[in-house]
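Computation of the quantities below employed the complete heavy-atom set of this structure, encompassing side-chain atoms and omitting hydrogens, waters and symmetry-equivalent molecules. Chain A is the first sequence line, chain B the second, and so forth, proteins listed ahead of strands; every chain is numbered from 1.
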Amino acid sequence: MSPVDPASASASEPRRGSSLRIPLLHLRVGVMNELQYRANFAVQLLQTFVQVATGLIALALIFDHTTDLNGWTRPQLIVVLGMYNVVGGMIGFAIEPNMGRLMADVRLGTFDYVLTKPVDAQLLASAREFRLWRLTDVAVGIGVTIWGVVQLDDGLSLGRLVGFVAATTVGIVLVYCIWLVVTTGAFWIVRMDMVQDLFTGMYRAGQYPVTVYPAWLRLTMTYLVPVGFAVTVPAESLTGRLTWERVVLTVVFLVVALGVTRLVWRLGTKHYAGASA
Amino acid sequence: MTATDTVATTLADRPIDYEPTWRAYIRLYGTLMRTSIAQQFQYRTANYLYMIGMIAEPVVYLVVWQTIAEAQGGEVGGYTAGTFAAYYIVWTLVRNMNIVFTPFGWEERIREGQLSAQLVLPVHPIHYDLGSFAGWKVVVIALWLPIAGVLALVFRPTLDPTAGQIVAFAVAIWGAYLIRSLFLWLLGMLTFFTTRVTAIFEAYFAAELLLSGRLIPMALMPEWVQTLAMFLPFESTFGFPITALVGPITQEELVVGLLLQLFWIVVGAVAVRFAWRGAVKHYTAVSG
């Protein structure tokens, strides 16, 4: 165990403002843990590089045969590719590890330890595990995004940038909501790891703007696997094609998603019967 | 210690130069395949979700290239929206045939000593992988048919193979399976010599993605890439089986493609044989 034992933080009565302290503490422990395995950083860097290179080669092949993809030019698609890596990196850094841990906990019955702590269980279950090295995806993704933005003909305004940061944050929260709802299914069906496979598989479609896809796929990619919101909307914002309707729709969807997630979480934890302990 | 004793006595019961007969191999493969078919059908829901998740990748490629084909007046490099659909739908089956024992799995095999148990068996361990994965393929093909049906309804493929093409395809997907099994085994065996294998595997898979016809049909690649691919085994495991069914392909090209597969199977088998000898010498059992 590391010197900073997360359990000790919640041993006493919970204080106001402690809700943010616990995730931060877990983050620190996670970072310290990962810093022990520095070689993994090199491996992750290579993986990121290979992924970005393949994405760029795919784009080069596309633009060998055409000048635009459904109205999207090459620099705009580079922005989308960059954002795809940023969001993918955030998922790998914070969302995927926590959801994997949650699923394992439910299966093994060790979820008891989460429920018995005097902090909000959803918060604790969502911020326990962090994979530091996946942030290389985020860093490289930001680099690619900037490279794409620089090539845009019409430059960048402050408004676009603000919209972009807001849209990205909202998008990542949405991915978290939907992933948590799906993971909560583990309270009923126990074996949910294949759903995780399904989700990661579908996420790949985020490499291109969802507006390229036919309606049925576009709707799936927007509302079920919200890469539409997480990747396309921020990219739209940067490339100046974001409309007001889109912004309102995004905010409404965010509020609904947060509420539904909370509700499903409550139902799920009620349904949970400890397997051991 | 008793476990070791039992192994020792069983080995002692057999003549030292025990060589399994052909019939023993056929029985072994039959049993492995039957067991694995029964096992995998139990997890049909998990298998299904896995296969559906996998469909996102070709659908992305397909949609992008159909869009381009339509924007370019209906055709890109000889492919229409319909032939792209056929290419990427057949792709899904070929991709599934391409799933074999992962090179990443060797680390666990070595670390947990599973290999030690396999080493005392009279049959080369590769047969166990080949047999059980082949059984899984039977399940995969059965589960794939409805998926292909749905994809065909959505994307309207143009598919008009001759009888010869169908036969060649049926053979070629198993050839692809064998080639990929052998080459990934070869790659996985690097784990015996170094623990930093992830980087090598990633580079291999990236090369494979680009040079096999998985990302786009090889005909759409620049000339020099196509030439480079001719000297590598990747296309035999992916692009060739698909094109065998989807076309355009001549009778001669079919025969040449199948012979090329045979060539890669022989190369792979010989390489595995030699690499295995070296690898086992390097192997130190962790447990038993």
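- Of all the listed residues (B:Ile216, B:Val59, B:Ile68), the one sharing the greatest number of non-hydrogen pairs under 4.5 Å with chain A is B:Ile68.
- Here CD of B:Glu202 is found 9.5 Å from OG1 of A:Thr48. Values are rounded to the nearest 0.5 Å.
- Contact annotation for A:Val43: only side-chain heavy atoms (C-beta onward) come within less than 4.5 Å of a heavy atom of chain B.
- For A:Tyr37, the OH atom counts as loosely surrounded, since its 6.0 Å shell holds 12 or fewer non-hydrogen atoms of other residues, nucleotides or ligands.
- Within a 6.0 Å radius of CZ in A:Phe63, more than 12 heavy atoms belonging to other residues, nucleotides or ligands are found.
- Counting non-hydrogen atoms of neighbouring residues, nucleotides and ligands closer than 6.0 angstrom, the CG atom of B:Asp160 reaches no more than 12 such neighbours.
- In this structure, the portion of B:Tyr61 lying under 4.5 Å from any heavy atom of chain A is its side chain and not its backbone.
- Between chain A and the options B:Thr67, B:Leu209, B:Val154, heavy-atom pairs under 4.5 Å are most frequent for B:Thr67.
- The structure places CG of B:Leu220 at 8.5 Å from CG of A:Leu61, a figure rounded to the nearest 0.5 Å.
- Of the listed residues (A:Thr220, A:Leu69, A:Val50), the one with the most heavy-atom contacts under 4.5 Å to chain B is A:Leu69.
- Taking B:Val64, B:Leu215, B:Thr198 one by one and counting their heavy-atom pairs under 4.5 Å with chain A, the maximum is reached by B:Val64.
- Heavy atoms closer than 4.5 Å to chain B are found in both the backbone and the side chain of A:Ile62.
- Contacts of B:Ile55 with chain A are absent, with no heavy-atom separation under 4.5 Å from either backbone or side chain.
- Interatomic distance, B:Leu210 CG to A:Ile57 CD1, rounded to the nearest 0.5 Å: 5.0 Å.
- Proximity to chain B (any heavy atom under 4.5 Å) is restricted, for A:Tyr208, to the side chain, taken from C-beta onward.
- Note: A:Thr66 OG1 to B:Trp65 CH2 = 8.5 Å, rounded to the nearest 0.5 Å.
- Contacts with chain B were tallied for A:Arg204, A:Gln51, A:His65; A:His65 has the most, counting heavy-atom pairs under 4.5 Å.
- The contact between B:Phe155 and chain A is made entirely by side chain atoms (from C-beta outward), counting heavy-atom distances below 4.5 Å.
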